[in-house]
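Notes follow once the structure below has been shown.
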Amino acid sequence: FPLAAGSWEDGADVATVHGRQHYRLIHWSRADAELTYRRFFAVNELAGLRVELVTVRTRGDVDPTPLAELDPELAEAMSGELARQRDTLEMIASENFVPASVLQSQGSVLTNKYAEGYPGRRYYGGCAEVDKAEELAIERCKALLDADHANVQPHSGASANQAVYGAFLQPGEKILAMSLPHGGHLTHGTKVSFSGKWFDAIHYGVHPETENIDYDEVERLAKEHRPKVICAGGSAIPRLIDFERFRTIADEVGAIFWVDAAHFIGLVAGKAIPSPVPHADVVTFTTHKVLRGPRSGALVCREEHAKALDKAVFPMMQGGPQMHTIAAKAVNFKECATPEYAAYASAVIENCQALAARLQEHGIRPTTGGTDTHLTLLDLQGVGVTGADAEARCDAAGITLNKNAIPNDPQKPSIASGIRVGTPCVTTQGMGVEQMTTIADLIHEAVTAGDADPEHEVSRRVRSQVTELVEAFPAYPR
């Protein structure tokens, strides 16, 4: 494991290294295949570590060389990324800081196991233990979301979405989904995606006045085109979605109702917003973002669709599942069922609403007039700055966010007229409404008076205040 210089104190039983289990090599003999090491394991997430001396016999061809020695260039990149996450304000709506339990699960020996198939029905032997891990993930996911059936094998949200196409559509058949420029997603029928190349996608958008989903347009297009599938959800929708209205429209035209809940499923899990599960035939989602789990995907569905969707995940779209990631999903779902997580989900929304309101005071307009979720989509035309320039200026000042198209954007997507800002990370760090006011002030200053040069006066001034915030509310304690 990569260890920072000075992170080990001679004669000390406690070290301040972070991550999974850590080992300090004392003796290695290739000839007698004996390895002696000190084993450090967490007693307080990513902070205090306890030590014990262990001697084991191992294969003579096992190389225990620490990563920092084996591949210093890679270790440097990993350490640099940890430093970046610690030292900046992470405001990207689709990111979060996972707990030690997720890191430990993903770095476990379950990565070694091939397990094509499903629990009890594998194409490989030796799957008894990984079956337990997957069964835990399935049952916890179903309980968390009150669903009939869960599949936890998708490698990503896009993989879960592929399974929906595989289960319900033939190439060339119609799907009705939200337009990408209005807040949808690449996998909802854009021409650069498999979904737009292989299927006939019709897109709805937002109402020109409210900037919220135009439900009348959804109904009109559904009746006109009679799609096989209707999709709700996207990547830049700050308001709640009327799932009941979508269900009614889908029933009127005999369509499957699919909800892509990748962005907001964590808020659903925390009971902070209404759930799509009672209304949808299938709900796909990612397990990172607000959910604060591993970078992966999953889906839940009605029992009548379970067989078709399971076959679409495997063997149609994927081969062997990533058992280490499934283990991380299992522990993540357990965490999300706690009262502490429910409080976190509510705080994410409260923080985002406070952030959006303060930015509006500065003349940076939230589309739809505000937010009900973890993200706010901001129109920068009023301050005369493009999304690309705002992203670069904030980056120079230690604030990470992303440019984003707004509805009816006059700019091309690579420039954009807006930025998308979210509060999952800063809420995980323990920040509240008071800090959101400060962050909004810093974003405004960086966007309107800053520069893409990190040495610019404004960049340096904002970055110094960012440092004060992240030191008071650390992502991963040093």
Side-chain angles (χ1 to χ4, degrees), residues 110 113-171 173 175 187-188 194-195 198-199 228-233 250 255-262 265 268-269 275-287 291 293-330 332-333:
L110 272 66
K113 190 70 194 86
Y114 226 123
E116 282 187 352
Y118 291 100
R121 297 177 286 121
R122 305 288 190 183
Y123 288 84
Y124 288 80
C127 292
E129 300 306 320
V130 295
D131 276 3
K132 295 176 185 176
E134 185 165 349
E135 286 166 350
L136 280 173
I138 291 169
E139 293 306 315
R140 289 172 180 175
C141 184
K142 287 164 57 179
L144 182 67
L145 299 174
D146 194 20
D148 294 344
H149 179 77
N151 189 306
V152 297
Q153 291 195 8
H155 300 326
S156 65
S159 297
N161 292 354
Q162 279 186 318
V164 174
Y165 287 89
F168 300 117
L169 291 161
Q170 294 296 320
E173 290 188 323
I175 178 171
T187 57
H188 298 173
F194 77 94
S195 57
W198 298 344
F199 303 94
K228 192 77 173 292
V229 173
I230 295 177
C231 176
I256 291 290
F257 177 33
W258 161 35
V259 175
D260 183 348
I265 195 66
V268 174
S275 172
V277 175
H279 306 286
D281 291 288
V282 56
V283 177
T284 58
F285 55 94
T286 55
T287 49
L291 206 60
R295 187 160 294 276
S296 193
L299 64 83
V300 295
C301 67
R302 294 181 173 180
E303 187 61 42
E304 64 194 271
H305 303 307
K307 187 175 181 180
L309 283 160
D310 281 353
K311 286 184 175 181
V313 172
F314 172 84
M316 186 177 188
M317 297 297 179
Q318 293 184 179
Q322 298 177 350
M323 299 311 302
H324 55 300
T325 307
I326 288 175
K329 295 177 201 181
N332 171 233
F333 296 146

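Note that these values count all heavy atoms, side chains included, but never hydrogens, waters or copies made by symmetry. Here, residue 1 is the first one in the sequence, and each next residue gets the next number.
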Item to check | Distance (rounded to the nearest 0.5 Å) between Arg140 CZ and Leu145 CG | outcome: 14.0 Å

Item to check | Heavy-atom side-chain proximity of Cys141 to Phe285 below 4.5 angstrom | outcome: yes

Checklist entry - What is the minimum heavy-atom distance between Thr287 and Gly297, and which atoms define it? => result OG1-N, 3.9 Å

Checklist entry - Should Val282 and Leu309 count as side-chain neighbours, where that means a heavy-atom distance under 4.5 Å? => result yes

Checklist outcome for this item: Value for CD (Gln322) from NZ (Lys329), rounded to nearest 0.5 Å, stands at 8.0 Å

Checklist entry - With a 4.5 Å limit on heavy-atom distance, are the side chains of His188 and Asn161 in contact? => result yes

Checklist entry - Are there more than 12 heavy atoms of other residues, nucleotides or ligands under 6.0 Å from atom CD of Gln170? => result no

Checklist entry - What pair of heavy atoms forms the shortest contact from Ala280 to Val283, and how long is it? => result CB-CG2, 3.8 Å

Checklist entry - Is any side-chain heavy atom of Met316 closer than 4.5 Å to a side-chain heavy atom of Lys311? => result no

Checklist entry - Where is the tightest heavy-atom contact between Ala232 and Phe257, given as atom of each residue plus distance? => result CB-CE1, 3.8 Å

Checklist outcome for this item: What one should report as the nearest heavy-atom pair of Ala133 and Ala330 is O-CB, 4.0 Å

Next on the checklist: When you measure from the side chain of Gln153 to the backbone of Asp310, do you find a donor-acceptor pair of N or O atoms at a distance under 3.5 Å?
Outcome noted: no

Next on the checklist: Any side-chain to backbone donor/acceptor pair from Ser195 onto Thr187? Under 3.5 Å, distance only.
Outcome noted: yes

Next on the checklist: Quick check against the 3.5 Å criterion: does Thr286 have a side-chain atom that pairs as donor or acceptor with the backbone of Ala262?
Outcome noted: yes

Item to check | Exam field: side chain Arg302 to backbone Pro278, donor-acceptor pair closer than 3.5 Å | outcome: yes

Item to check | Minimum side-chain heavy-atom gap Val229-Asp281 below 4.5 Å | outcome: no

Item to check | Test item: Asn332 and Leu291 side chains (from C-beta on) under 4.5 Å apart, heavy atoms | outcome: yes

Next on the checklist: Nearest 0.5 Å, please: how far is CD in Glu134 from SG in Cys127?
Outcome noted: 9.5 Å

Checklist entry - Of the non-hydrogen atoms in Phe314 and Tyr123, which two are nearest, and what is the gap between them? => result CE2-CE1, 3.7 Å

Item to check | Donor-acceptor under 3.5 Å (Gln318 side chain, Ser159 main chain) | outcome: no

Checklist entry - Which value, rounded to the nearest 0.5 Å, describes the distance between Phe199 atom CZ and Ile175 atom CD1? => result 8.5 Å

Item to check | Side-chain touch Arg122/Lys113, heavy atoms, less than 4.5 angstrom | outcome: no

Checklist entry - Quick check: does any side chain N or O of Asn151 sit under 3.5 Å from a backbone N or O of Leu299, one acting as donor and the other as acceptor? => result no

Checklist entry - Which heavy-atom pair separates Cys301 from Asp148 by the least distance, and what is that distance? => result O-CB, 3.5 Å

Checklist entry - So does Asp146 have more than 12 non-hydrogen atoms from other groups sitting under 6.0 Å from CG? => result no

Checklist entry - Is there side-chain contact between Val268 and Pro276, with at least one heavy-atom pair below 4.5 Å? => result yes

Next on the checklist: Measuring from atom CD of Glu135 to atom OH of Tyr118, what distance do you get when rounded to the nearest 0.5 angstrom?
Outcome noted: 14.0 Å

Checklist entry - Taking the six-membered ring for Trp, are His305 and Phe168 parallel (under 30°), tilted (30 to 60°) or perpendicular (over 60°)? => result perpendicular

Checklist entry - CD1 of Ile265 to OG1 of Thr284: how many Å apart, nearest 0.5 Å? => result 9.0 Å

